[in-house]
Structure formats: structure tokens, C-alpha cells
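As C-alpha cells, the structure follows; a few thoughts come after it.
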Protein chains: 2
Amino acid sequence: MKKMNYSRQREAILESLHNRYDHPTAEVLYNDIRKEFPNISLGTVYRNLALLSDNGMILKLNCGDGVEHFDGNVEPHIHFICKDCGDVLDIKMDNFDFINTLASSAFDGEILGNFTYFYGFCKKCVDKRKNEC
Amino acid sequence: MKKMNYSRQREAILESLHNRYDHPTAEVLYNDIRKEFPNISLGTVYRNLALLSDNGMILKLNCGDGVEHFDGNVEPHIHFICKDCGDVLDIKMDNFDFINTLASSAFDGEILGNFTYFYGFCKKCVDKRKNEC
DNA sequence: ATTAATAACAGTAACTATTACTATTATTAT
DNA sequence: ATAATAATAGTAATAGTTACTGTTATTAAT
């Protein structure tokens with residue numbers, strides 16, 4: 001692990017990530033952190049997100065929208081993507097890695113794991129739709 | 001569905017996709033098709049891939065490497081990504097959408113489905129590693 | 001078969017997300 | 001306090017993708 005000096009910007013990025021629930025993109029974090037550090041540069045945000053995820057302190061997520069999302073919660077958990085608002089939320093469900101065994105027996109190679117995202121409508125958007133009717 | 005006139009370029013793209021097993025990117029398809037149509041433009045490849053996937057004739061895959069991959073097989077099936085060579089292969093396994101039910105009971109919203117990718121080493125790369133030892 | 005309407009094209013420019021570069025500033029160990 | 005260097009802001013560069021433009025190909029109607 002490369003030596004890391006303390007930096008206030010990096011601390012703010014990590015803190016912002018820990019205070020959120022929606023697994024933001026670099027751009028979203030950048031706009032959030034600019035309230036506290038108006039001069040922070042987008043490059044700093046990207047560089048620190050890369051450092052933090054390389055060191056296992058945050059997760060980098062590919063949610064299928066072509067943009068990187070970040071997660072301050074490194075405990076194993078599952079992600080849900082809202083088709084309506086695009087938010088990425090956590091699902092605290094039991095581990096289902098037994099599907100790896102199902103896949104192994106149908107595949108001629110070595111299965112190490114899976115990435116799985118659930119999608120649908122989050123509570124917020126389900127309620128919004130109800131109110132529109 | 002928007003009106004589509006016949007085009008030789010589009011036919012070649014679809015045919016190339018049907019003849020492959022590795023779920024290529026637009027760039028890879030472009031280089032493949034240039035053997036037959038040396039003047040085809042990358043924009044034409046992208047435009048046709050978008051048209052074909054909008055019309056349900058091919059699949060657009062987000063495999064987590066930040067680049068779009070395409071699949072000429074629209075039958076429901078599962079994908080595997082090789083950590084070594086990057087190839088995206090099919091797994092013909094039983095449907096495991098019962099995990100949606102597991103997720104639903106742990107989530108306060110509406111679960112419609114999941115995307116799942118398995119990863120590991122494909123047969124080709126497992127064999128390559130054996131030979132290196 | 002000709003023609004008119006327009007879909008598709010090649011080539012290029014523009015755009016978006018991300019990474020790399022550079023001169024300056026901040027942190028840390030001595 | 002100082003020296004070494006990590007981190008920064010600001011900017012330039014890159015990669016993947018989409019949009020634009022004038023020309024060509026396809027189609028449907030005469």
C-alpha cells in the first residue's frame with residue numbers, strides 16, 4: 001500500500017461518502033464537497049476515490065449506467081438500482097453465493113464469484129407513483 | 001419501432017455478431033467488419049448497434065469494464081467474464097430468479113429483476129495457466 | 001423505369017467521464 | 001527549521017460514444 005499523508009480533502013470525501021445513502025458518482029461528490037472546499041478540483045476527487053478504493057476503504061461500483069459509483073460501506077452487501085430515480089441503495093439480505101455452485105456445474109472453467117444488482121422501484125418512487133394516481 | 005431500411009452494413013454487423021462467441025465491443029466489431037467494408041465508419045457501427053438493440057435484435061451488455069459489449073443471442077442466458085483475457089462467455093444454466101424473492105423480502109421497494117455476471121477464469125485461460133507451471 | 005422522400009452512409013466534430021501532467025502547497029519525519 | 005515528498009488546483013489529454021453534415025442508397029409511388 002502506497003504511503004498516504006493526511007489530507008483534509010480526502011477526509012471530506014470519505015466523510016461525505018459515509019454520510020450518504022445513494023452511492024454517488026465522482027461528479028455528485030465533487031458538488032457536495034465544494035460546499036466545504038470551494039476550490040477542490042475534480043481531479044482531486046477522482047484521485048482520492050481511486051486511492052481509497054485501491055486501499056479497500058471504499059468500493060467502486062459499476063451499476064450499468066456507464067458511470068462509476070462509490071460506496072463508503074465495505075461490508076459485504078447487495079445493491080439495488082432504482083429504474084426511476086437512478087439511486088443505488090443497499091439490500092441487507094442473506095448471502096446467495098450458492099448460485100456460484102449452480103453456475104460452476106454448467107460452465108467449463110473456474111467460477112470465482114458473481115456481481116449481482118437488483119433493479120426495480122425504490123420505496124420513494126413507489127410512493128410517488130401512488131400519489132400521482 | 002422506427003422504420004428501418006435495409007443496409008448491407010447493418011446486415012454485416014448483425015452477421016459478425018452472430019458468428020462470434022466473445023460478446024465484442026463496438027471497436028472490435030468495427031475492426032472485424034472493416035475486412036469486408038474497408039470504408040465503414042465507426043459511427044455507423046455505433047448507430048446500427050443502438051438501432052438493433054433498441055429493436056430487441058441484439059443485447060447491449062455492461063460487463064463492468066466501462067465499455068459496452070454486444071450480444072447477438074437474445075435468448076435469456078447468463079454471462080461470464082474472464083478475469084484474465086476479458087472475454088465474455090455464455091453460461092447455459094437454470095434460471096435462478098428466485099433470488100428476486102429473497103431480495104424482495106429484505107427490501108422496502110419493488111424488485112423487478114436482477115443483472116448477474118459470474119467471473120473467474122475461462123477454460124482457455126485455465127489451460128494456459130496449467131501449461132505455464 | 002423515373003422520381004421523390006427519406007433512411008443510411010462516411011467523415012468529422014463534439015461531448016462526457018476519466019486520467020495524466022505541472023507548478024505550487026501541505027504534511028511529515030528528521 | 002528544514003528537507004523530502006505527498007497532495008493539491010488547474011489544466012490538458014485521452015477514450016468511448018454521440019451528434020452533425022453533405023452525399024449516397026433504399027424504398028414506395030407514379
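Throughout, a chain's letter reflects where its sequence line sits, starting with A, and its residues are numbered from 1. Quick caveat, the model's predicted, so the values are computed rather than measured.
A salt bridge links A:Asp32 with A:Lys35; the closest basic N to acidic carboxylate O contact falls under 4.0 Å.
In this structure, A:Leu49 atom CG and D:dT8 atom P are separated by 11 Å, rounded to whole Å. Between the CD atom of A:Gln9 and the C1' atom of D:dT8 there is a distance of 6 Å, rounded to whole Å. Atom-to-atom, CG of A:Leu51 to P of C:dA20 comes out at 12 Å; the value is rounded to the nearest Å. When the P atom of C:dA7 is taken as reference, atom CG of B:Asn5 falls 7 Å away, rounded to whole Å. Rounded to whole angstrom, the span from the CG atom of A:Asn62 across to the P atom of D:dG16 amounts to 14 Å. One atom, CZ of A:Arg8, and another, C1' of C:dA26, lie 8 Å apart when rounded to the nearest Å.
The ring-ring contact (aromatic ring centres under 6.0 Å, His included) test with A:Phe115 is passed by exactly one of B:Phe118, B:Phe80, B:Tyr119, B:Phe115: B:Tyr119. Of the residues listed (B:Lys123, B:Arg129, B:Lys124), the one engaging B:Asp127 in a side-chain hydrogen bond (donor to acceptor under 3.5 Å, both in side chains) is B:Lys123, and it is the only one.
At most 12 non-hydrogen atoms from other residues, nucleotides or ligands lie less than 6.0 angstrom from CG of B:Asp94. More than 12 non-hydrogen atoms from other residues, nucleotides or ligands lie less than 6.0 angstrom from CG of B:Asp65.
Set against D:dT26, C:dT18, D:dG16, the side chain of A:Glu68 has C:dT18 as its closest nucleotide.
Inter-residue side-chain proximity for A:Phe70 and A:Thr25 is flagged as unmet; no heavy-atom pair is nearer than 4.5 Å.
Phosphate proximity of C:dC9 to B:Ser7: present, with a side-chain N or O under 4.0 Å from OP1 or OP2.
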Dump the intermediate steps for side-chain hydrogen bond (donor to acceptor under 3.5 Å, both in side chains) on A:His69 and A:Asn62, then the final yes or no.
CA-CA 6 Å; A:His69 291 250; A:Asn62 280 94; over 6 Å; no
Would you check, one step at a time, whether the test side-chain hydrogen bond (donor to acceptor under 3.5 Å, both in side chains) holds for B:Asp87 with B:His23?
CA-CA 7 Å; B:Asp87 272 4; B:His23 306 68; over 6 Å; no
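At a non-hydrogen distance threshold of 4.0 Å, A:Leu42, A:Tyr46 from residues 10-48 of chain A come into contact with DNA chain C.
The terminal axes of the helix from C:dA1-D:dT30 to C:dT30-D:dA1, fitted over 5 pairs per end, subtend an angle of 30° to the nearest 10°.
Under the 3.5 Å distance criterion, with hydrogens and angles disregarded, no donor-acceptor pair is assigned to the side chains of B:Asn73 and B:Asp71.
Mapping B:Tyr6 and B:Gly66 onto DNA chain D by nearest heavy atom places B:Gly66 at the nucleotide closer to the 5' end.
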